[in-house]
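Letters A, B, ... are given to chains in the order of the sequence lines, protein chains preceding strands, and every chain is numbered from 1. Computed from a predicted structure; not experimentally measured. Atoms considered below: every heavy atom in the structure, side chains included; atoms not considered: hydrogens, waters and symmetry mates.
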Protein chains: 2
Amino acid sequence: MQKNMNHIPLSKQLKISCESCSLSDLCLPRGLSLKEMEELDDHIERPRNFDQNCQIYQPGDKFIGFYAVRSGGVKTYLTKKTGEQQILGFHLPGEVFGLDGLENSKQRCYATTLDNTSYCILPYEKLDALCETMPELRHQICHLLGHEMNCDHSHLLLLGQQTAHERLATFLLSISSRFKRRGFSATSFMLPMSRHDIAGYLGIAVETVSRLFKSFQEKDIVKINRKQVDILDMGKLNEMVANCEETD
Amino acid sequence: MQKNMNHIPLSKQLKISCESCSLSDLCLPRGLSLKEMEELDDHIERPRNFDQNCQIYQPGDKFIGFYAVRSGGVKTYLTKKTGEQQILGFHLPGEVFGLDGLENSKQRCYATTLDNTSYCILPYEKLDALCETMPELRHQICHLLGHEMNCDHSHLLLLGQQTAHERLATFLLSISSRFKRRGFSATSFMLPMSRHDIAGYLGIAVETVSRLFKSFQEKDIVKINRKQVDILDMGKLNEMVANCEETD
DNA sequence: TATGACACTTGATCCATGTCATTGAATGGG
DNA sequence: CCCATTCAATGACATGGATCAAGTGTCATA
């Protein structure tokens, strides 16, 4: 089952509506009534395609609204003056990014495509206006913001308290569950990002990522071939992060 | 000039309104008209006092609303199963916390007082309802959420890419500027948190915090006496973080 | 003043990761 | 198809901080 729209020509993509989008139940429209969805729909800028490695925005750019990934993938990151990137998040189809512009109406980080990528833009002014009459949309947006914040918090726990082994295991499990959520295999998938980006997300060196992948393979936990990942032993992977999850 | 309300008896505190609160221009009411502020005011639960080391909420607790610190200080944190705390943020008077409950109407982290502390509660349901008719409040809340998110992002950059020296320097500058914002000295202040908590925030060991404080003193950058901090050379401190700030 | 609990400091040691250098594998352009 | 370039893997080595183990200062209580 081909779920993304990679190979549909641009002319057709322009007609895509939230209602017909296979990702709509993962994205902002989730929980809205049909009527509400249609109303929202009118204000969404429809997706365009971008090559790999395109800058979508950078610090200082005017904040337009939220971005929803349709296909491909996006990384958001901050940089040190010396050039090192701290990846803040990877954004896969159905996921939203760009919230870093909310504070000052200016983007605060970089957003770059990982791959051939298309996305929708949900203009903030329109969303804000719709919020006045659509309590469900208000709640959905708050839910989204809360979710992003909680993801960042988990990421802080990872960077502050986890070993390199634990970080990589956590990362693989996160990607796996996000593929699963979209209806794809949780155990066999292609990583959309480079080793460099993985290292930047996990706060470790590229070489360490390589060595850890090797070590995971030797323990028969995963099989790695370039970007292709096959998780052989989900149990062991879960064990590795058993001490990392905060108590509920 | 005594700006906080620590020593005013509870009976008087109950009469405190946003309008008369010296922190209101740092807190959620900022930017609201007098009329709007009064309307908001009616729904705010007025502060109570708590001892040091009181748990305000913990993961799983029902999300009531946003918390605004009036006096004292609060830390929010996640824990590993093995007990290590990753401090997510320190919250000083005029600052808001508790947003971690937005995703699922349940708090996701712990919030604990650092000191004798009082705070206000802004019930979420009331805020949400007011948002329908008060666009300024909507914007103020979005601004707040965006700000929190950007703070978390800076914190991610710190944990992922900065050396221990840089982390501590960044930390001191952050506390300093937040004291200044409230009208206090930017160069002489008492840290409201323990070494252990500083270590937990910076993702380093307590021993490293001690050693770095010593090293900073030997370079005549600061003078440290237990919790009392005097910044002697703000220039040097800024130099230490010169490479850490993301480009604008 | 004595006593215990706790927070902080300090020193010695060790190791998980970073850094540097090299090689090999994949990819893209002409 | 070849060459140039980027990306990934691997080995050798270095080191920033963690860990472990005392020691010291501070505060509360009796």
Next on the checklist: To check you understand the geometry: which heavy-atom pair defines the closest contact between A:I198 and A:M193, and what is its length?
Outcome noted: CG1-CG, 3.6 Å
Checklist entry - Starting at CZ of B:F216 and ending at P of C:dT9, how long is that distance when rounded to a whole Å? => result 14 Å
Checklist entry - Any side-chain donor paired with an acceptor under 3.5 Å for B:R178 and B:S174? => result yes
Next on the checklist: Ignoring hydrogens and geometry beyond distance, is a side-chain donor-acceptor pair present between A:S177 and A:R181 at under 3.5 Å?
Outcome noted: no
Checklist entry - According to the interplanar angle, ranging from 0 to 90°, do the rings of A:H155 and A:Y201 count as parallel (below 30°), tilted (30 to 60°) or perpendicular (above 60°)? => result parallel
Checklist entry - Atom CD1 of A:I224 and atom P of D:dC7: how far apart are they, to the nearest Å? => result 19 Å
Checklist entry - Within a strict 4.5 Å, meaning less than it, do heavy atoms of the B:Y67 and B:V74 side chains meet? => result no
Checklist entry - NA contact type, A:S210, heavy-atom cut-off 4.0 Å: base, sugar-phosphate, or nothing? => result base
Item to check | nucleotides 11-26 of chain C: protein proximity per nucleotide (B base, S sugar-phosphate only, - neither; heavy atom, under 4.0 Å) | outcome: BB----SSBB-----S
Next on the checklist: Can you measure A:F213 atom CZ to D:dA8 atom P for me and round it to whole angstrom units?
Outcome noted: 10 Å
Checklist entry - Tell me: CD of A:Q228 to C1' of D:dA8, nearest whole Å? => result 16 Å
Checklist entry - Considering all heavy atoms of both residues, which atom of B:E166 and which atom of B:Q161 are nearest to each other, and what is their separation? => result OE1-O, 4.2 Å
Checklist outcome for this item: B:R195 atom CZ is separated from D:dT24 atom P, nearest whole Å, by 19 Å
Checklist entry - When you check the side-chain N and O atoms of A:T112 and A:Q58, is any donor under 3.5 Å from an acceptor? => result no
Next on the checklist: Taking the six-membered ring for Trp, are B:F189 and B:F184 closer than 6.0 Å centroid to centroid?
Outcome noted: no
Item to check | Distance in angstrom units between A:H196 NE2 and D:dT6 P, rounded | outcome: 13 Å
Item to check | Degree of bending in the helix from C:dT1-D:dA30 to C:dG30-D:dC1 once both end axes are built from five pairs, to 10° | outcome: 50°
Next on the checklist: If we ignore hydrogens and angles and just use 3.5 Å, is the side chain of B:T113 paired with the main-chain N or O of B:N116 as donor and acceptor?
Outcome noted: no
Next on the checklist: Just the rounded figure in Å: distance from P of D:dG16 to CG of B:L202.
Outcome noted: 18 Å
Checklist entry - How many Å lie between CG on B:L168 and C1' on D:dG17, as a whole number? => result 14 Å
